[in-house]
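The next block holds one structure in the form of structure tokens; read it before the comments.
Just so we're on the same page: letters track the sequence lines, and every chain starts at 1. As the structure is a computational prediction, the values presented were derived from the model and not from experiment.
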2 protein chains.
Amino acid sequence: MLRLSKLTDYAVVVLVRLSGMEGVQTSPGIAAATGIPEPTVAKVLKTLAAGDLVCSQRGAKGGYRLNRDLSAIPIADVIAAIDGPIALTACVEGSSTGCESQGLCPMRGRWDPVNDAIHKALSGITLADMQRGLLPAFRVPVHQAALQPAAQ
Amino acid sequence: MLRLSKLTDYAVVVLVRLSGMEGVQTSPGIAAATGIPEPTVAKVLKTLAAGDLVCSQRGAKGGYRLNRDLSAIPIADVIAAIDGPIALTACVEGSSTGCESQGLCPMRGRWDPVNDAIHKALSGITLADMQRGLLPAFRVPVHQAALQPAAQ
DNA sequence: GTTATCCGGACTACCACAGTCCTGATTGGA
DNA sequence: TCCAATCAGGACTGTGGTAGTCCGGATAAC
């Protein structure tokens, strides 16, 4: 649950990659470095540019560049850029269409505090935090251990 | 984004409704009271029963009953019951399949702190909290106003 | 002028969810 | 004992959104 689009995941990877290099970088270059398909990288970068997280330079020798430091990019911004405003869908204050059973539904708009809590939580974590937590130990294939046949 | 399934929304409504009555209540009864289609209510209740949030009584005069008070049900439990474990999908520690580009992806498992933050945020809000925020003003049929034929 | 790159959009295939329905098991009452 | 009401559990289908690709155009360096 709380489906986070795969593109957002890619976006984080791409942004981290951007931070590691000087000057602009091209989509194909990032694609090669990250293993993400080229068209998808391009799509992500375009979206990030629209969200003002990266800036682009067109033409030959063009490419993309980070707009701010990783430590100044809360994960909430990335999610908002890729997936749109952060809010649990359905029956949220913003959805002015209203649920069909508006008169009866007693919880109308009551998700707001929840949305708020999530938004706060996501605003408190920056990409730098995520990058910092990176440990080689994570490469251990945990699922193998979990798959040990208990019975038999 | 952060898609929360509609069923979860229904679940909250249903649970709140359950809390307001004594004894057991039937699916049709709740459906009538909330305006949610009967089969859907039944589905939600079955799922909630599986998640141990409500208990059921079969047979004639059967129905559902809350297992604990609203104030003892964090919204996280409801979400977990309906949508499964709370975690942003893709590239999470649990996803033992691993991303295709495991060797390259530098963010492997780095979503965990984010998941944790979200989980904490959701665990801190109970259904009672959501219910408490309820204001009568919300009953105003906003959509009616929005539907006023501006042209002609 | 040519080439490399980004820009913006359209387009398609796929998958998960929403919602419905059906068959069976259980229980209370006639 | 039989019947009716209710939950249990699953199968099924339509819809919507996402992932991923591709194309024509604009821009800038060489």
To the nearest angstrom, the CG-C1' distance between Leu48(A) and dC7(C) comes to 15 Å
Here the distance between atom C1' of dT20(C) and atom CG of Leu7(B), to the nearest Å, is 12 Å
note: Ile36(B), atom CD1; dT20(C), atom P; distance rounded to Å ~ 11 Å
#### Entry: Heavy-atom side-chain contact between Met130(B) and Ile125(B) under 4.5 Å
yes
**OP:** Taking the side chain as every heavy atom from C-beta outward, state whether Tyr10(A) and Val41(A) have any atom pair closer than 4.5 Å.
**Re:** no
Computed from five pairs at either end and rounded to 10 degrees, the angle between the axes of the helix from dG1(C)-dC30(D) to dA30(C)-dT1(D) is 10°
Test item: Gln25(B) and Arg17(B) side chains (from C-beta on) under 4.5 Å apart, heavy atoms: yes
When you measure from the side-chain N and O atoms of Thr40(A) to the phosphate of dT21(D), is any distance below 4.0 Å, counting only OP1 and OP2? yes
In 5'-to-3' order, the base (B), backbone-only (S) or no-contact (-) status of each nucleotide in nucleotides 2-16 of chain D, using a 4.0 angstrom heavy-atom cut-off, is ---BBBBBB------
Quiz item: Can you check whether Leu45(B) reaches Ser56(B) side chain to side chain, under 4.5 Å on heavy atoms?
Solution: no
Please check this pair: side chain of Asp129(B) against backbone of Thr126(B), looking for a donor-acceptor N/O pair closer than 3.5 Å.
yes
Tyr10(B) side chain near dA18(C) phosphate (N/O to OP1/OP2, under 4.0 Å) | no
_Is there a side-chain contact between Leu48(B) and Ile82(B) in this structure, where contact means two heavy atoms from C-beta onward sitting under 4.5 Å apart?_
yes
Name each donor-acceptor pair under 3.5 Å that joins a side chain in residues 66-75 of chain B to protein atoms two or more places apart or in another chain, with its distance.
{"from": "Asn67(B)", "atom 1": "ND2", "to": "Asp52(B)", "atom 2": "O", "distance (Å)": "3.1"}
{"from": "Arg68(B)", "atom 1": "NH1", "to": "Ala72(B)", "atom 2": "O", "distance (Å)": "2.9"}
{"from": "Arg68(B)", "atom 1": "NH1", "to": "Asp77(B)", "atom 2": "OD2", "distance (Å)": "3.2"}
{"from": "Arg68(B)", "atom 1": "NH2", "to": "Asp77(B)", "atom 2": "OD2", "distance (Å)": "3.3"}
{"from": "Asp69(B)", "atom 1": "OD2", "to": "Ser71(B)", "atom 2": "N", "distance (Å)": "3.2"}
{"from": "Asp69(B)", "atom 1": "OD2", "to": "Ser71(B)", "atom 2": "OG", "distance (Å)": "2.8"}

task: Flag the pair Tyr64(B) / Ser27(B) as yes when at least one side-chain heavy-atom distance between them is below 4.5 Å, and no otherwise.
output: yes
